[in-house]
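Order of the sequence lines sets the chain letters (A, B, ...), proteins ahead of strands, with each chain counted from 1. A quick note: this is a predicted structure, and the numbers were derived from the prediction, not measured.
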2 protein chains.
Amino acid sequence: MSQDRERSDREREIPSRSCNRYQIPVTLICTNDSEEAGVAVSTGEGVTIRDVAARAGVSIATVSRVLRGNIPVSEPTKERVLTVVSELGYRPSVLGRSLAEGRHAANGIVFPDLSGPYYAEVVLGYEEAAGELGRSVLILSTHGRDAAPEMVRELARRVDGMVVLGRTVSDEVVQEIAARGLPIVLLARSAAGEVDSVNAENVASAIRLTEHLIDHGHRTFAVVGGAESSPDTMERWAGVRTALLRAGLTPPAEPVPAGLREEEGTRVAEDLLVAGVPDAVVCANDELALGVITGLRAAGIDVPGQVAVTGWDDVMAARYAGLTTVRQPMRELGVRAARMLDLRIRGDAGPARHEVLPTNLVVRNSCGRHEPPDLDRR
Amino acid sequence: MSQDRERSDREREIPSRSCNRYQIPVTLICTNDSEEAGVAVSTGEGVTIRDVAARAGVSIATVSRVLRGNIPVSEPTKERVLTVVSELGYRPSVLGRSLAEGRHAANGIVFPDLSGPYYAEVVLGYEEAAGELGRSVLILSTHGRDAAPEMVRELARRVDGMVVLGRTVSDEVVQEIAARGLPIVLLARSAAGEVDSVNAENVASAIRLTEHLIDHGHRTFAVVGGAESSPDTMERWAGVRTALLRAGLTPPAEPVPAGLREEEGTRVAEDLLVAGVPDAVVCANDELALGVITGLRAAGIDVPGQVAVTGWDDVMAARYAGLTTVRQPMRELGVRAARMLDLRIRGDAGPARHEVLPTNLVVRNSCGRHEPPDLDRR
DNA sequence: TTGAAAGCGTTACCAA
DNA sequence: TTGGTAACGCTTTCAA
């Protein structure tokens, strides 16, 4: 925007109230637009390092040194500079600093869609941890758009590192960006090549969940949602399969395809009614499970009397709906990812690290009636 | 970081494979670190406008013109430059561009806490709309920290405009930043001075809700949560008061203080049991209401038989808990705020605008039993 | 239509 | 300890 050419030397003179009592500045002819010179400046907006240097009678290098603090500056000089800084309300330009330092002091996070409590919690944890580490957070949700890879590449150019959640962009895109040297942490998404990752445990908890359902006497199973598009759910379905095989039961041939949303669940319920209702419906997340329950009940099916339905995540609604599910430490996932990323940004080298956070089976009553009236309702 | 001083003229020569068939570049002595000259470049990382200019045999100004597209460039030149750009995988530096243009191409959003479905939805809408307008989104949650004003000021230095939600920083801070010329839109927070705002309708819906409760026969009311800290809830309580006075009933003297979270609700329920349980408990949001219900029921109180409890927002759990509430267009709030902000960033002047989005009363059964078995359960 | 060069606001090197 | 100044990577003015 404003490129005021005829700047040169004329403006910079500052009314030298040469008393050394720190007073509020009254006039300062500044370099900015204000056609009418002699305007009072106090907001600190538009004040540059040169203004400070001129007023303090030092070079801009010295001002920079004082502000960065790492290089020795004589006490009186430092004091003088700091005085002027606060008089003028000077704050270094983020842009100027970033350009000179070659870093952004910002992190990115890419998720498929912010909707749903799961992502919100993850982002919350991430933002909090990143903030404490002095980094700004740029968010990007891809919404399954075709332009997603380009959006992510663009984000990559504005940050010093980023966290990428499952189902956003392909491993190729991740690899490409990582290859350029940008630190990346994968979240809720199995490791791709030499990239760090943070995940919640999936297989063992899926086995535990399935065994619980088998204990209820359920014999025929359907699994709903996710699959290929979501590595996270693939692990879960592998766990379900393992548990069923161990028990000598027949695992479902294919997961029922469905998006991770409530409406999708009710739709699936209708399909299930046509295709034949299994004993247990294991869903990829809570929203989906709640939708399935709604759909089944609307058709007069008793849940859990005739069919058991389970979810994953343990969102708030799951508690009120009495949904049996697996709790993930959503917020903690975000926190860990932020910390892991920060390490890499600070130059930490070494082979890729993979963190796996534990989960909890939360038994409520959508999985079948329990003899002891009601098991741990939260 | 890397400030390679001895750059000057020596490097820039490019092996002039002077055939005009576009071939994949094989060697290019680049200006970057690589001590061993003659390294092949193809990732596009570290390629600057100068590299492109040199290879295309034009000035950097011309490259810039081609890329920006606004200034006429001869067709052959343009073509040549674009070829080199794609050969080298050149992408302009966001930092360099921003510094020169004096803008960030990024928006901020400040909220008190991302937890809870309400904020998540707002952010989702905001991010989506801002993204479509070509702007990155920086998020900041203040968590009620003392440093909040400083955090927000810092954010203000990294964006071209920002949205500020209620209960984050004081009006003074908002005014201060707005005075510097940074476009701001207030969200879920009543207008402060000459600043744009987007809100959901509060008073009329509170009146409607209250009247519904009165129709149920409830006569003594308590309102829980929010108040001064949250201008949004103050409006709601004003609505409740109005409705009660109109009906000749006594409004509660004070709102019961409580944070907007579930745990707070259960705590309040205990207090209510001691202080005396009213006919109806109107809560500032759904989480709080759900907590109150849980607390009351745990004490053996029948909801809605003995007490009616209502929420606000209509989050997912509200549906499964059968909570009577007021639905806000959360996502739409975010979208509108993003658009309004964008207008200002594009230089739109004029007096502050205030948008108010309509809400819906959602009657379920926490407000009292209805004669017709169950009213619009969504 | 094009090029040269100033300027955006910093940091960090080199010499004093 | 300090000042001068190149460099970061771009945009835009001014002249040609």
Please report, rounded to the nearest Å, how far the P atom of dT13(D) is from the CD atom of Glu101(B).
12 Å
Just checking, any donor-acceptor pair under 3.5 angstrom between side chains of Ser136(A) and Arg158(B)?
yes
note: Leu99(B), atom CG; dA6(C), atom C1'; distance rounded to Å ~ 13 Å
Is the phosphate of dC8(C) approached by Arg103(B) (side-chain N or O, under 4.0 Å from OP1 or OP2)?
no
Checking all strands, does Ile60(B) fall into the base, sugar-phosphate, or nothing category for heavy-atom contacts under 4.0 angstrom?
base
Do the side-chain N or O atoms of Ser74(A) get closer than 4.0 angstrom to the phosphate oxygens (OP1, OP2) of dT2(D)?
yes
From CD1 of Ile71(A) across to P of dT10(C) the rounded distance in Å is 16 Å
Please state whether the phosphate of dG3(C), meaning OP1 or OP2, lies under 4.0 angstrom from any side-chain nitrogen or oxygen of Arg65(B).
no
Arg68(B) CZ to dT11(D) P, straight-line distance once rounded to whole Å:
5 Å
Output yes when Asp348(A) and Arg353(A) qualify as a salt bridge under the 4.0 Å nitrogen-oxygen rule, no when they do not.
yes
Report the residue (Thr62(B) or Gly96(B)) whose heavy-atom-nearest nucleotide on DNA chain D is the more 5′ of the two.
Gly96(B)
May I have the distance from Glu79(A) (atom CD) to dT1(D) (atom C1'), rounded to whole angstrom?
16 Å
Interatomic distance, Ile49(B) CD1 vs dG3(C) C1' [rounded to whole Å]:
13 Å
Considering just the side-chain nitrogens and oxygens of Arg97(B), establish if one lies under 4.0 Å of OP1 or OP2 belonging to dG9(D).
no
Do Glu127(B) and Arg135(B) meet the salt-bridge criterion of a basic N to acidic O distance under 4.0 Å?
no
Which is true for Leu95(A) with a 4.0 Å heavy-atom rule: it touches a base, it touches only sugar-phosphate, or it touches nothing?
nothing
How close or far is atom C1' of dC10(D) from atom NE2 of His104(B), stated in whole angstroms?
15 Å
For Arg80(A) and dG3(D), give me the distance from atom CZ to atom P, rounded to whole Å.
8 Å
If the helix axis at each end comes from five base pairs, how far does the helix from dT1(C)-dA16(D) to dA16(C)-dT1(D) deviate from straight, to 10°?
40°
What's Val94(A) touching, base or sugar-phosphate or nothing? Going by heavy atoms closer than 4.0 Å.
nothing
For the residue pair Leu133(B) and Arg339(B), what are the closest heavy atoms and their distance?
CD1-CA, 4.3 Å
Closest non-hydrogen atoms of Pro112(B) and Leu165(B), given as atom of the first, atom of the second and distance, are CD-CB, 4.1 Å
Short N-O contact, Arg91(B) and Glu150(A), less than 4.0 angstrom
yes
Nearest heavy-atom neighbours spanning Val169(A) and Val174(A):
CG2-CG2, 4.2 Å
Residue-phosphate contact under 4.0 Å: Ser59(A) side-chain N/O, dG4(D) OP1/OP2
no
Nearest to side-chain heavy atoms of Pro92(A), which nucleotide of dG9(D), dT10(C), dA5(C):
dT10(C)
Whether Ser93(B) contacts dG9(D) is assessed here as follows: a side-chain N or O lying under 4.0 Å from the phosphate OP1 or OP2. Is that the case?
no
Qualifying residues under salt bridge (charged side-chain N to carboxylate O under 4.0 Å, His left out), relative to Asp171(B), sequence neighbours excluded
Arg189(B)
Does a side-chain N or O from Thr77(B) land closer than 4.0 Å to OP1 or OP2 of dT2(C), or not?
yes
Do any side-chain nitrogens or oxygens of Ser64(A) fall under 4.0 Å of OP1 or OP2 in dT10(C)?
no
Against the side chain of Pro72(A), the closest entry in dT1(D), dC10(D), dC8(D) is dT1(D)
